[in-house]
Amino acid sequence: MIKVTLPDGAVREYAEGSSAMDVARSISEGLARNVLAAKVNGEVREAGRPLPGDCSVSLLTWNDTEGKNTFWHSSAHLLAEALEALYPGVKFGIGPPIENGFYYDVDLGDRTIGDGDFAAIEAKMKELAGRKSAFVRQEVSKAEAIRYFTTKGDEYKLELIDGLNDGEITFYQQGDFVDLCRGPHIPDTSFIKAAKVMSVAGAYWRGDEKRKQLTRIYGITFPKQKELDEYLVLLEEAKKRDHRKLGRELDLFTFSERVGAGLPLWLPKGAALRERLINFMKEAQEKAGYVQVATPHIGGKSLYETSGHWEKYGKDSFQPISTPQEGELFMLKPMNCPHHCEIFASRPRSYKDLPLRFAEFGTVYRYEQSGELHGLARVRGFTQDDAHLFCRPDQVQEEFMKVIDLVLLVLRALGLEQFEAQVSLRDQVDRSKYIGSEENWQKAEQAIIDAAAQSGLKTVVEYGEAAFYGPKLDFMVRDALGRRWQLGTIQVDYNLPERFELEYVGSDNQRHRPVMIHRAPFGSLERFIALIIEHTAGRFPLWLTPEQAIILPISDKYIDAAQQVAGNLKDSDIRASVDERSEKIGRKIRDAELSKVPFMLIIGEKEEETNTVSVREQGKGDLGAMDLDGFRRLVNERIQASLGTH
RNA sequence: GCCUUUGUAGCUCAGGGGUAGAGCACUUCCUUGGUAAGGAAGAGGUCACGGGUUCAAUUCCCGUCAAAGGCUCCA
C-alpha cells in the first residue's frame, strides 16, 4: 500500500501502482470525470500514470491554471492531428499553451491557411476529439526518436531532439498522430468539447528572424461549448472597449497619415482629459515635495553619448537632426533624465538640498518598428509623467517607498484595484547587457526588494527584466476584463549620476555621488489613457471625464434657462454644456447616453417654474428633480468617493 | 523590419472591367415635442497613393503607404 497526502492534509492509502485517477475515483465519480492531470510531489503528470509510492497529490481540473495549460497543450496536439489529416506532409515546430488557448507553429510548404480554412480545421478537431483517443506516453531512445522523424521528414522536430539527452525523450500518441513531447496530457481527446481556430500569424522558427518563418495557428478549446460561447462574448466586449474605437467615438484623439504613424493628435476632449490627469498628478507631486522643471524636446548628441544611450540605442533611434550652418547634431529626446541630470549639475549641491525631486511631463520620441504601433498603447511620441529623484544613499529606500505610495494613490483614483508589482532584476546568467558596477547593482536590487516588502506589496521577481542601467519595480495592472497591462515603473539608477559625474557636498565637506530614482506612475499618458478607456469602457471616473453634465432643454423655449444653469455649474467647476438642437427630448437623451456623459439635466416648464433640474444618470436612468445645490452636492459626493482619500 | 489580412463618403459597410451605393453623421427647412432614434430636402468620393495590363481599371497584376492580428524589439 502507498500513502497519498491530499491538499487538505488528509492521508489515504491505495494499492501499489494506483494512479491519481484512482484517487479521484475513490473521492467521487464526478471528480474523476473532471480530472485533467495531477500534481504529484509538485510535478504535473498524467492522471493515469501510476503513482511513484508515498506522495502528495493534488488533482488538477479546468479550474486550475495547470489543469487548463495541460488541457490546451493537449488541444495543440489535437490541432496538429487535424492539420496532418487535412494537409498531409505538414511539418511541426512547437505547440505550447498560452494565456488564452494555445498555438502550433507549422511549416505548410507552399500552401497557405487563411480565415476561410478555419471552419474545416475546427470540424476536423471536433471529429477527432469525438473518437476519444487516449494520449499514450511512450519513452523512446534518442536513436529511435531521430529515426522516426527522419522517416517523417520533419527537420524541426529533429532539431528539437538534437537538444535533448538520451533517456529523457518521450513521444505522445493520440489516434494516428505521434509527437515529440515532454507532456503531460489529459487522459483522452473526448474532454475537448469545443474548439475554435482564432487566427494565423507568421512566427520565426525559434523566434529567430534569420530563420524560416513558420505559420503560427492560434486556437482555443473548452470542456464545454457554453464556455467557448462565453469566451467569444468576452472577446466581443473587448472589441467594444477597444480604445481606438472609443477614442474616435468619444472624440478623444485621432491619427493622421501626414503627421505620421504612431503620433497621436489629441482632440479638445481628449486634451482636456489629459490635462486633468496631469493636474491630478501635479497636485499629488507638489504635496510630496516635487518641483516642476521644463526641458526642450531635443538635446545635443553628446548628451546621449555621456548618458550611454547613444551607444546602446543610437542605431534604433530617430536619427540625429543637424543644423544647416554648423552641422551640430541633436537628438529628439528619447527620455528626460539626461536633461534633468544637467539641471542637477547646474550648480553645487549640498546634502541639505537632498532629496531633490525634479518632475516634468516630458514628451519623448522613440523609434518603434512600424509593425509594433498600436493605437495609443504603442506610439512613437508620448508624454511621460516623469520625475527624477536625486538623493543620498541613505535616503533611497524611504524615497522609493514614497514613490510606491504615489503609485498606489493613482491606481486608487482610477479604480484600478487589481495589480501586482514586478521586481525586475538582472539576468542571472548573462550580465553583458548591463552597465554599472556589481556593487551598485547589488545595493540597488536590495533597496527595491526591501522597499516593496515594507510597503506590503504583492510582488513577483523577474530575472532579466531590469533596465540596462538598473533594476526596477514595475506595476502590472489588471483591467476590468482581466487583461494585464504594464504601467508605472520605478527604477533605481546608480549609473547616470556616475556618467554625468553628479556630486553633492556632504556634512563631512567631501564630495559624494547622489543616487537617482526614475519614476513614472502613469508610465506614458498615452498608454495610461488607453488603459482607462478600456478599463472603464469610456465611462471615466467623474472627476476625470471631459464633460460631467449635459443640459437638455425640453424645447427651444428653455434654452436660455439651460444656458443659465450651465453658467452656474461652470462657476462651481462642474463641466457642463447645453444640447441646443431642435430635437425631441428622447433623441437628446439617447445621444447623451451614447456619448457617455455621466449626468443629464433636463429642463422644461416644470423645472423652470420650481427652479430645479430633472437629473438622469448615464446608464442608470431618472433620479428625479432637485435644485442646483442638490446636484452640486451629488457631483461632489461622487467625486470624493471615487478619489478615495483625496 | 518580417508574416497573414485589410484599405470604397466623417463613421459602419455593400458592390464590382463600361456614369459610385446604403444606413448613421453633416447642412437647410418643417416640427416645439417630458426620459434611448420626429419629418423632408440637400451636400458629401481622384474607390489610400504610384505604376502596369486593357479600347476602357475603383475592380485584374506589381510596388508604396496606412491599418488589424502575430513575430522580433522596447531607454
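So you know, we letter chains A, B, ... as the sequences are listed, proteins then strands, and number each from 1.
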S.K.: Apply the salt bridge (charged side-chain N to carboxylate O under 4.0 Å, His left out) test between Asp242(A) and each candidate in Lys245(A), Lys240(A), Arg244(A), Lys239(A); give the one that qualifies.
M.R.: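 Exactly one option meets the salt bridge (charged side-chain N to carboxylate O under 4.0 Å, His left out) with Asp242(A), and it is Arg244(A).
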S.K.: Are Glu605(A) and Ile554(A) close enough that some pair of their side-chain heavy atoms sits under 4.5 Å apart?
M.R.: no
S.K.: Parallel, tilted or perpendicular: which one describes the rings of Trp72(A) and Phe222(A), with boundaries at 30° and 60°?
M.R.: perpendicular
S.K.: Could you pull out all donor-acceptor pairs under 3.5 Å where a side-chain atom in residues 91-103 of chain A meets a protein atom, sequence neighbours excluded?
M.R.:
{"from": "Lys91(A)", "atom 1": "NZ", "to": "Glu155(A)", "atom 2": "OE1", "distance (Å)": "3.1"}
{"from": "Tyr103(A)", "atom 1": "OH", "to": "Arg216(A)", "atom 2": "NH2", "distance (Å)": "3.4"}

S.K.: Nearest whole angstrom, please: distance from the C1' of C74(B) to the CD of Gln422(A).
M.R.: 14 Å
S.K.: Side-chain N or O of Tyr204(A) less than 4.0 angstrom from OP1 or OP2 on C73(B)?
M.R.: no
S.K.: Please report, rounded to the nearest Å, how far the P atom of A37(B) is from the CG atom of Leu594(A).
M.R.: 10 Å
S.K.: Go through the side-chain N and O atoms of His77(A) and Tyr104(A) and say whether any donor and acceptor fall under 3.5 Å apart.
M.R.: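 Looking only at side-chain atoms, Tyr104(A) and His77(A) do not form any donor-acceptor pair under 3.5 Å.
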S.K.: In whole Å, what separates the C1' atom of G33(B) from that of C24(B)?
M.R.: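 Comparing C1' positions in G33(B) and C24(B) gives a spacing of 22 Å.
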S.K.: Near RNA chain B, counting only heavy atoms under 4.0 Å, which residues of residues 242-254 of chain A show up?
M.R.: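 Heavy-atom contacts with RNA chain B come from Arg244(A), Arg248(A).
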S.K.: Which word best sums up how the rings of Phe419(A) and Phe475(A) line up, parallel for under 30°, tilted for 30 to 60°, or perpendicular for over 60°?
M.R.: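 Ring orientation, 0 to 90° scale: tilted.
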S.K.: Glu368(A) CD to C71(B) P: how many Å, rounded?
M.R.: 15 Å
S.K.: How far does the P atom of A68(B) sit from the matching atom of A75(B), given to the nearest Å?
M.R.: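 My reading of the P atoms in A68(B) and A75(B) gives 22 Å.
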S.K.: In whole Å, measure the gap between the P atoms of C60(B) and C2(B) for me.
M.R.: 24 Å
S.K.: Any idea which of G38(B), G34(B), A36(B) is nearest the Arg590(A) side chain?
M.R.: A36(B)
S.K.: Tell me: CG of Leu552(A) to P of A36(B), nearest whole Å?
M.R.: 12 Å
S.K.: Between Ala466(A) and Pro553(A), which has a closest nucleotide on RNA chain B that is more 5'?
M.R.: Pro553(A)
S.K.: Nearest whole angstrom, please: distance from the C1' of C74(B) to the CD of Gln384(A).
M.R.: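 My rounded result for the distance is 12 Å.
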S.K.: Taking the nucleotide of RNA chain B with the closest heavy atom to each, which residue, Thr215(A) or Gln369(A), is nearer the 5' end?
M.R.: Thr215(A)
